[in-house]
Amino acid sequence: MRIRPDEVAAAIKSGVNQKIPDGNNLYLLVRNGRGFWTYQFRDGPTIRSKGLGSAATVTPAQARRAREDFVVARRNGIAPVSPAALAALHASVATSPLSATVAVTGKTFGEAVHDFIADRATAWKGGAEGSEAKAYRRTLLGSGLEALPLAAVDTAAVLATVKSMPAITAEKTRTRIATILDWAKALGYRQGENPARRRGHMEHLLNKVPDAKHHSALPCADLPALMRELKADGSADAQALQWTILTAARSGETRHAERKQIKGDMWVCPPEIMKEGREHQVPLSKEALSLIGDRKGRLFHITRDGMKRLLGKLRPGFTVHGMRSSFTDWAADHDYPSELREMALAHAVGDAVEQAYRHSTRINKRREMMTAWSNFAFGECGTRA
């Protein structure tokens, strides 16, 4: 059954990712509130897709005609190019310091981005609406690459996209472009070298990537004084920062901490609030438990930057995330094994089976370590409990 124009609009408005058949292997592909027409065809043993344009500008009737044009052109050994894609290619080459002769056929780069996210997002934290997927859309969609056929993405087009960005943003964007192009080549959508690769290519055309800035860690000796100031402050931000320090947590985990996650003297952090997407259990000291008392629901009603602003006022130059480094420095100084330190930070140690075994056998040692850390933070002692 053919898709009516009002059904196209309804499908896009629904926000549901779906693939709706129109007949003759023509499909409306809806991804993240946007619609695209795609035609699937067999190329020997391989099933391939041909993008036929955005549903925002191409009607169902136009998509059907484009499908027929493509079928005829392919039969005759010629693949048609949309006017929009050809114009985008010419504009990219005309404004770039480099130029190249390229084929302009097949799936567009923007369509490849949507398909790549749909293909890979199930393995990402947050899925298709998580931070990883959003980063791909934010940096790659809306750029000059989006309308180009994959075969037309060359060095000039990549440079035109990233050259005006700050160095770190440009490098992250270049890496995502390279990933999309490698994925597309593996599926047979393009051939040849990856023009976004760094080694032996873009490293000669782009500035060197600045070294990553590490989070400043507060010296351990200054921690008891800071904890006394936070305790005297008594604000929600101060209490949340104390909790973050005592549990060696990330700030986002503290912001999403809820009463239902507290099981006795354990904080059981669900996968959805963890960076690694795995459940994490934190033994709680008596000082940590006293911070939350009998609170219900969300434990700390704070803004995203509340702890950051408070620490910046009390200890300028140091970061909330850096407190995790302060913890690891203290634990190393007191001879706690690196394995325990990594587990406390929710870093993966070994494979899944080994992690489960270590969790069951090391929880008491972790409880001892976190109690000693709490005692040190409040100035009670500086050695093992």
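The figures that follow rest on heavy atoms only: side chains count, while hydrogens, waters and symmetry mates do not.
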Which pair of heavy atoms, one from [X] and one from [Y], lies closest together, and at what distance?
| X | Y | answer |
| --- | --- | --- |
| Val30 | Ala11 | CG1-O, 3.8 Å |
| Arg250 | Arg324 | NH2-NH2, 3.4 Å |
| Val320 | Ser251 | CG1-CB, 4.2 Å |
| Arg259 | Gly293 | NH1-O, 2.7 Å |
| Met165 | Thr173 | SD-OG1, 3.5 Å |
| Ala121 | Ala128 | CB-N, 3.6 Å |

What about [X] and [Y], same hydrophobic cluster or not, with Ile/Leu/Val/Met/Phe/Trp/Tyr joined at side-chain heavy-atom distances under 4.5 Å?
| X | Y | answer |
| --- | --- | --- |
| Leu29 | Tyr189 | no |
| Met323 | Leu299 | yes |
| Ile302 | Leu241 | yes |
| Leu246 | Leu218 | yes |
| Ile180 | Leu206 | yes |

(message) Tell me whether Lys275 at atom NZ has more than 12 heavy atoms from other residues, nucleotides or ligands lying less than 6.0 Å away.
(response)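 Open.
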(message) Just checking Asp222: does its CG atom have more than 12 heavy atoms from other residues, nucleotides or ligands closer to it than 6.0 angstrom?
(response)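 Yes, CG of Asp222 has more than 12 neighbouring heavy atoms, counting only those of other groups under 6.0 Å.
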Side chains of [X] and [Y]: closer than 4.5 Å at any heavy-atom pair?
| X | Y | result |
| --- | --- | --- |
| Phe109 | Arg190 | no |
| Arg67 | Lys50 | no |
| Arg367 | Met266 | yes |
| Glu279 | Met274 | no |
| Asp233 | Leu314 | no |
| Cys220 | Phe376 | yes |
| Asp22 | Arg64 | yes |
| Leu223 | Ser326 | no |

(request) Not counting sequence neighbours, which residues clear ring-ring contact (aromatic ring centres under 6.0 Å, His included) with Tyr39? List them please. (result)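 Here the qualifying residues are Phe41, Phe70.
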(request) Identify, with sequence neighbours excluded, every residue that meets ring-ring contact (aromatic ring centres under 6.0 Å, His included) alongside Trp373. (result)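 Only Phe327, Trp330 meet the ring-ring contact (aromatic ring centres under 6.0 Å, His included) criterion with Trp373.
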Give a yes or no on whether the backbone of [Y] and the side-chain of [X] come within a donor-acceptor separation of less than 3.5 Å.
| X | Y | result |
| --- | --- | --- |
| Arg366 | Gln281 | yes |
| Glu203 | Gly200 | yes |
| Trp37 | Val58 | yes |
| Arg341 | Tyr336 | yes |
| Asn194 | Leu181 | no |
| Ser374 | Thr371 | no |
| Arg137 | Leu141 | no |

(request) Would you check, one step at a time, whether the test side chain to side chain contact (heavy atoms under 4.5 Å, CB included) holds for Phe300 with Met307? (result) CA-CA 11 Å; Phe300 303 101; Met307 290 188 287; over 6 Å; no
Calculate, to the nearest 0.5 Å, the distance between atoms [atom1] and [atom2] belonging to [X] and [Y] respectively.
| X | Y | atom1 | atom2 | value |
| --- | --- | --- | --- | --- |
| His256 | Gln261 | NE2 | CD | 9.5 Å |
| Leu26 | Ile20 | CG | CD1 | 11.5 Å |
| Glu111 | Leu150 | CD | CG | 8.5 Å |
| His347 | Ser338 | NE2 | OG | 12.5 Å |
| Lys107 | Asp115 | NZ | CG | 4.0 Å |
| Leu140 | Ile117 | CG | CD1 | 8.0 Å |

Any salt bridge between [X] and [Y], counting N to O under 4.0 Å?
| X | Y | result |
| --- | --- | --- |
| Glu132 | Arg120 | no |
| Arg315 | Glu229 | yes |
| Arg309 | Asp237 | no |
| Arg174 | Glu171 | yes |

(message) Under the rule for side chain to side chain donor-acceptor pair (under 3.5 Å), what residues qualify as partners of Arg138, not counting sequence neighbours?
(response)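 Checked Arg138 against side chain to side chain donor-acceptor pair (under 3.5 Å); zero matches.
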(request) Just do the side chain to side chain contact (heavy atoms under 4.5 Å, CB included) check on Glu287 and Met227 with the steps written out, would you? (result) CA-CA 11 Å; Glu287 289 81 10; Met227 295 298 276; over 6 Å; no
(request) Test side-chain hydrogen bond (donor to acceptor under 3.5 Å, both in side chains) on Thr161 and Ser143 and set out the steps. (result) CA-CA 7 Å; Thr161 299; Ser143 70; 4.6 Å; no
(message) Could you go through Thr175 and Arg198, starting from their C-alpha distance and side-chain angles, then the distance that decides it, and tell me whether this counts as side chain to side chain contact (heavy atoms under 4.5 Å, CB included)?
(response) CA-CA 8 Å; Thr175 299; Arg198 168 162 282 278; over 6 Å; no
(request) Any chance you could lay out the side chain to side chain contact (heavy atoms under 4.5 Å, CB included) test for Val162 and Ile177, step after step, and finish with the verdict? (result) CA-CA 10 Å; Val162 303; Ile177 295 171; 4.2 Å; yes
